[in-house]
Amino acid sequence: MEEAPPAEAVAVRRALELLRLNDPVLRVQAAKDIRRLTKTSHRCRRQLRQAVTPLVSMLRVDSPEFHEPALLALLNLAVQDEKNKISIVEAGALEPIISFLKSENPNLREYATASLLTLSVSPTNKPIISACGAIPLLVNTLKDGSPQAKVDAVTALSSLSTHPENLSIILEINAMPFIVNLLNTCRKSSKIAEKCCALIESLVGYEEGRTALTSEEGGVLAVVEVLENGTPQSREHAVGALLRMCESDRCKYREPILREGVIPGLLELTVQGTPKSQPKARTLLQLLRESPYSRPEVEPDTLQNIVCDIISQIDGDDQSGKAKKMLAEMVQVSMEQSLRHLQQRALVCTPSDMRITSCASEVSSK
């Protein structure tokens, strides 16, 4: 283990000593020192694990001046440290942290939300956090919190949703309107949009989630806009959410998805999407056709066939023209990418590689 510099070691010992004293001023100073020491140092987070229990005790004291310094110190101790995340929960921090979500102090509410976000990253903590009643309060934060608190709340909910039992809780309290509202008001290329779409993709795996999204004005449109303009990861979640809906009940969800002009974005994803989003986009295009399985199985569909089938059914010349133009552009991009790939291979090709290629071509021509 890397040895701490002398000045850092002294500062760590001093902070731990002050934290054990009965002097409120010195304990607050210790919490501030711990926050500073652990802001960027993994080593200090390990060395200050003993501070977890006394800091949690400060959260429980009925002295507001203790709460913010102690909470911020615990927040920094938990960052990128799984053991500290678990220790903080085991020390009983969740009860006071969750109570701070109802505080009249906006800063305290914001720090509490950030703390729950950080603690929720631990798989061990996810079911414990939900069992303590945090999810409804996080959804309330989505509704009434500060801009930063809303970001942290949706990220915390997205993190908690990876535990299956937590998804049912989020569905029961009807969080979708607040998620859609946040998605509608944020930049579609932002990290917030990514977290919103990740959560939506999980929720539409259930009928209640699909109904909630389509019932919310602008819900499907918001997802389509992320599919068009989001980050690569956001676009994966967006196309995944729409695909889940269409696979669950194609007859019910095909029209609401088509109505929002999804075709150009899907076309782009089939060529320029990530390895995960490309096949999802193609599958969704097939499902959006009037008769997705009209061709014999022995006759494979081409992208052009699929798209032409779709755009022939879409009302409005603008949409049809835009889709056709996009298809032509995508074909051109695909050809250019293939040409660049061949040129790059030619540049790095060794003489032996060239002989092998030449031989292979000669054999194939015979």
Side-chain angles (χ1 to χ4, degrees), residues 1-101 103 105-126 128-129 134 145-149 151-153 155-156 159 191 195:
M1 186 181 294
E2 184 184 356
E3 188 174 342
E8 182 184 284
V10 170
V12 167
R13 285 197 302 271
R14 179 176 180 275
L16 290 172
E17 288 169 2
L18 294 180
L19 205 55
R20 297 187 186 100
L21 300 177
N22 289 325
D23 188 322
V25 175
L26 294 178
R27 293 180 73 188
V28 168
Q29 184 59 51
K32 291 179 179 178
D33 290 343
I34 291 168
R35 179 194 179 190
R36 175 178 53 80
L37 289 165
T38 56
K39 187 173 184 179
T40 57
S41 173
H42 294 290
R43 181 175 54 243
C44 284
R45 290 174 195 141
R46 291 194 301 270
Q47 293 171 338
L48 284 162
R49 280 180 183 149
Q50 300 171 53
V52 167
T53 299
L55 284 170
V56 170
S57 70
M58 289 175 66
L59 298 182
R60 294 179 169 278
V61 174
D62 189 20
S63 300
E65 68 272 14
F66 277 0
H67 297 160
E68 284 189 28
L71 191 56
L72 289 169
L74 287 166
L75 179 57
N76 279 3
L77 278 167
V79 171
Q80 297 181 357
D81 192 302
E82 178 71 8
K83 287 185 177 179
N84 282 355
K85 286 181 176 71
I86 295 171
S87 297
I88 290 167
V89 170
E90 289 178 342
L94 285 181
E95 183 183 348
I97 289 175
I98 290 171
S99 73
F100 296 155
L101 291 177
S103 169
N105 181 337
N107 288 335
L108 196 55
R109 290 200 305 271
E110 195 167 293
Y111 300 149
T113 307
S115 298
L116 286 175
L117 162 58
T118 304
L119 295 173
S120 71
V121 174
S122 166
T124 303
N125 290 342
K126 293 179 194 291
I128 304 172
I129 291 172
S146 67
Q148 184 58 53
V151 173
D152 290 341
T155 308
S159 176
K191 200 73 176 175
K195 295 303 178 183

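Every value quoted in this text rests on a predicted model; they were computed, and no experiment measured them. Note: hydrogens, waters and symmetry copies are ignored here, and every other heavy atom, side chains too, is used.
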Any donor and acceptor pair, going by atom type alone, linking the side chain of [X] with main-chain N or O of [Y] inside 3.5 Å?
{"X": "N125", "Y": "V89", "answer": "no"}
{"X": "S41", "Y": "C44", "answer": "yes"}
{"X": "R43", "Y": "T38", "answer": "no"}
{"X": "S57", "Y": "P54", "answer": "yes"}
{"X": "D152", "Y": "T113", "answer": "no"}
{"X": "S122", "Y": "L119", "answer": "no"}
{"X": "R60", "Y": "G92", "answer": "yes"}
{"X": "S103", "Y": "S99", "answer": "no"}

Legend entry - Shortest non-hydrogen separation from D81 to R46 and the atoms involved: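 For D81 and R46, the tightest heavy-atom pair comes out as OD2-CG, 4.2 Å.
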Inset, instruction - Determine the minimum heavy-atom distance between F100 and A112, stating which atoms define it. - result: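 Smallest heavy-atom distance, with atoms named: CB-CB, 3.7 Å.
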Legend entry - Contact check, side chains of L19 and M58, non-hydrogen atoms, under 4.5 Å: yes
Inset, instruction - Scan residues 64-76 for pairs that pass side-chain hydrogen bond (donor to acceptor under 3.5 Å, both in side chains), counting only residues two or more places apart or in two chains. - result: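 As it turns out, the side-chain hydrogen bond (donor to acceptor under 3.5 Å, both in side chains) pairs with a partner in residues 64-76, which skip direct neighbours, are E68-N105.
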Legend entry - Pair K126, S159: side-chain N/O donor-acceptor within cut-off below 3.5 Å: yes
Inset, instruction - Go through the steps to decide whether L55 and L77 satisfy the test side-chain contact (heavy atoms from CB on, under 4.5 Å), and finish with yes or no. - result: CA-CA 11 Å; L55 284 170; L77 278 167; 3.7 Å; yes
How long is the gap from [atom1] on [X] to [atom2] on [Y], to the nearest 0.5 Å?
{"X": "L75", "Y": "Y111", "atom1": "CG", "atom2": "OH", "result": "10.0 Å"}
{"X": "E82", "Y": "N84", "atom1": "CD", "atom2": "CG", "result": "10.0 Å"}
{"X": "L116", "Y": "T155", "atom1": "CG", "atom2": "OG1", "result": "12.5 Å"}

